[in-house]
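First the structure, in the form of structure tokens, and then the observations on it.
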Amino acid sequence: MTALSFVAVRHAFGRTQVLRDFTLSIEPGAIVALLGASGSGKTTALRIAAGLEIPQAGEIRVGGKRVTAPGLFIAPESRDVGLLFQDLALFPHLDVEGNVGFGLKLSGAARRNRVGELLALVGLAGMARLYPHQLSGGQQQRVALARALAPGPGVLLLDEPFSSLDVVLRQQVRSEMVGLLKAVGTAVLFVTHDPEEALYVADRVAVMAQGAIVQEATPDNIWFRPANRFVAEFFGDTNFIPATVTAGRAATSLGSVEAQGHPDGPADVIVRAAGLRLGHGEGFQAVVRSSRILGPAAQVELVPRAAPDGMSRLIARTSISEKPETGAIVSLTLDPRMTFVFPRTG
């Protein structure tokens with residue numbers, strides 16, 4: 001039995017189709033990231049699961065029970081679903097205990113005990129009497145999570161919960177939250193537009209485009225085996241290299257890569273920036289136009305010394321220890337694990 005299921009859900013706002021036969025299942029205890037650009041339909045899917053929006057077709061099931069279907073609508077508070085909003089929505093006039101216990105159908109000692117358990121779980125024991133303005137951003141995040149988990153929902157819906165945090169705090173909080181969610185065992189649908197965040201947080205990633213899921217897979221498979229060019233290019237800088245497929249190999253000016261299953265003829269090869277290897281040997285050469293440190297890695301912009309049409313600029317990611325100087329001439333080869341062959345477009 002799945003914890004949450006979307007079955008052929010369709011929804012439109014006016015003439016704009018937002019969800020197109022959207023189908024997705026989440027198993028108990030799994031964290032699934034719904035990843036897409038703004039306007040792809042991911043937040044609408046989350047709102048429909050929460051009961052904040054009624055779809056025009058299809059059905060939603062929570063714990064195997066239909067909660068939305070033609071002629072059927074179960075109210076949000078009766079769905080066994082918790083929701084953590086993007087802006088946290090903490091009540092400023094309530095202390096931590098009041099916020100966490102707001103939706104609990106308990107009173108007295110039972111309520112205090114449940115709130116105490118949750119605060120201990122999220123690392124806020126002893127802070128029950130503080131108010132939201134007295135907490136750091138990370139502490140506020142944990143209060144919001146504790147409140148969402150308080151009723152013990154079978155499914156937790158997260159709407160870009162880290163977007164308001166600075167970079168360092170975001171990394172810390174999301175690491176803590178993943179550990180907490182795994183400990184609790186609640187099924188999670190996590191909406192984000194950040195590819196790195198989706199890969200870090202989720203057991204499975206569902207990539208959306210124009211209201212439909214174009215690929216759903218583990219983070220490893222999404223990264224190393226993208227289903228199409230859109231998915232390959234969504235996860236950061238990539239390079240386009242024209243190629244010709246012959247007998248299951250795609251020949252490019254940087255070398256050949258496997259292309260089993262592709263017909264002979266022109267093809268597009270997409271290479272992740274991290275899949276472009278820099279060296280000092282013979283073969284395809286390029287001039288380093290710029291070389292910048294980006295935290296633990298360096299981004300290198302390259303201009304080929306001689307290349308076919310469509311390859312005037314290349315981007316590579318390398319370790320800081322291998323960062324070349326601007327103006328240097330380097331040789332380039334492909335890492336086949338991050339090189340993908342697709343049918344020629346255009």
Side-chain angles (χ1 to χ4, degrees), residues 26 29-38 42-43 46 49-50 81-92 94-103 114-153 155-206 218-219 222-223 235-236 294-297:
I26 304 176
I31 301 177
V32 174
L34 197 56
L35 173 68
S38 297
K42 58 188 186 298
T43 297
L46 183 141
V81 167
L83 180 59
L84 181 55
F85 295 97
Q86 183 174 344
D87 61 1
L88 304 185
L90 296 179
F91 301 112
L94 296 180
D95 59 15
V96 168
E97 181 179 299
N99 270 281
V100 174
F102 182 79
R114 176 60 177 160
V115 171
E117 291 171 1
L118 289 161
L119 292 181
L121 177 68
V122 299
L124 296 178
M127 296 188 179
R129 297 304 171 203
L130 297 181
Y131 285 82
H133 72 275
Q134 297 174 299
L135 304 175
S136 68
Q139 289 169 335
Q140 291 177 8
Q141 197 84 26
R142 290 186 230 170
V143 172
L145 176 61
R147 184 178 62 185
L149 291 172
V155 178
L156 184 61
L157 307 174
L158 307 181
D159 184 15
E160 304 206 39
F162 310 124
S163 60
S164 62
L165 303 177
D166 63 63
V167 174
V168 175
L169 186 57
R170 185 184 308 147
Q171 293 172 345
Q172 175 188 337
V173 171
R174 74 186 182 192
S175 175
E176 293 173 350
M177 187 173 288
V178 170
L180 287 170
L181 293 174
K182 283 299 182 183
V184 173
T186 301
V188 177
L189 178 60
F190 177 91
V191 166
T192 181
H193 66 275
D194 184 336
E196 180 182 308
E197 192 164 84
L199 294 175
Y200 182 88
V201 168
D203 302 311
R204 297 185 69 79
V205 178
T218 64
I222 287 282
W223 182 260
F235 287 83
L294 299 178

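Note that these values count all heavy atoms, side chains included, but never hydrogens, waters or copies made by symmetry.
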Between [atom1] of [X] and [atom2] of [Y], what distance do you get to the nearest 0.5 Å?
X    : Y    : atom1 : atom2 : value
R170 : Q141 : CZ    : CD    : 10.5 Å
E196 : Q171 : CD    : CD    : 7.0 Å
L189 : I26  : CG    : CD1   : 4.0 Å
E117 : L149 : CD    : CG    : 12.5 Å
T192 : K42  : OG1   : NZ    : 7.5 Å
T186 : I31  : OG1   : CD1   : 9.5 Å

Could I get the full list of side chain to side chain contact (heavy atoms under 4.5 Å, CB included) partners for [X], not counting sequence neighbours?
X    : answer
A206 : L24, L34, I213, E216
A146 : V100, L118, V122
Q139 : L124, M127, L135, S136

Taking all non-hydrogen atoms of both residues, which atom of [X] and which atom of [Y] are closest, and how far apart?
X    : Y    : answer
V81  : A50  : CG1-CA, 4.5 Å
L94  : P132 : O-CD, 3.2 Å
K182 : G29  : NZ-O, 3.3 Å
D95  : A128 : CG-O, 3.4 Å

Q: Can you run down the salt bridge (charged side-chain N to carboxylate O under 4.0 Å, His left out) pairs that involve residues 135-147, sequence neighbours left out, and say none if there aren't any?
A: R142-E176
**Q.** Neighbour count >12 (heavy atoms, 6.0 Å) for atom CZ, F91
**A.** yes
Under 4.5 Å between any side-chain heavy atoms of [X] and [Y], yes or no?
X    : Y    : value
L35  : F235 : yes
Q140 : V173 : no
L121 : V184 : yes

Q | Test item: D159 side-chain N/O and F85 main-chain N/O as donor-acceptor pair under 3.5 Å | A | no
(Q) Using a 3.5 Å distance criterion without hydrogens, assess whether the side chain of R114 forms a donor-acceptor pair with backbone atoms of A150. (A) yes
**Q.** Pairs flagged by ring pair (Phe, Tyr, Trp, His ring centres under 6.0 Å) wherever residues 114-150 is involved - sequence neighbours left out
**A.** none
Q: With sequence neighbours excluded, give me every ring pair (Phe, Tyr, Trp, His ring centres under 6.0 Å) pair touching residues 155-201.
A: F162-F190
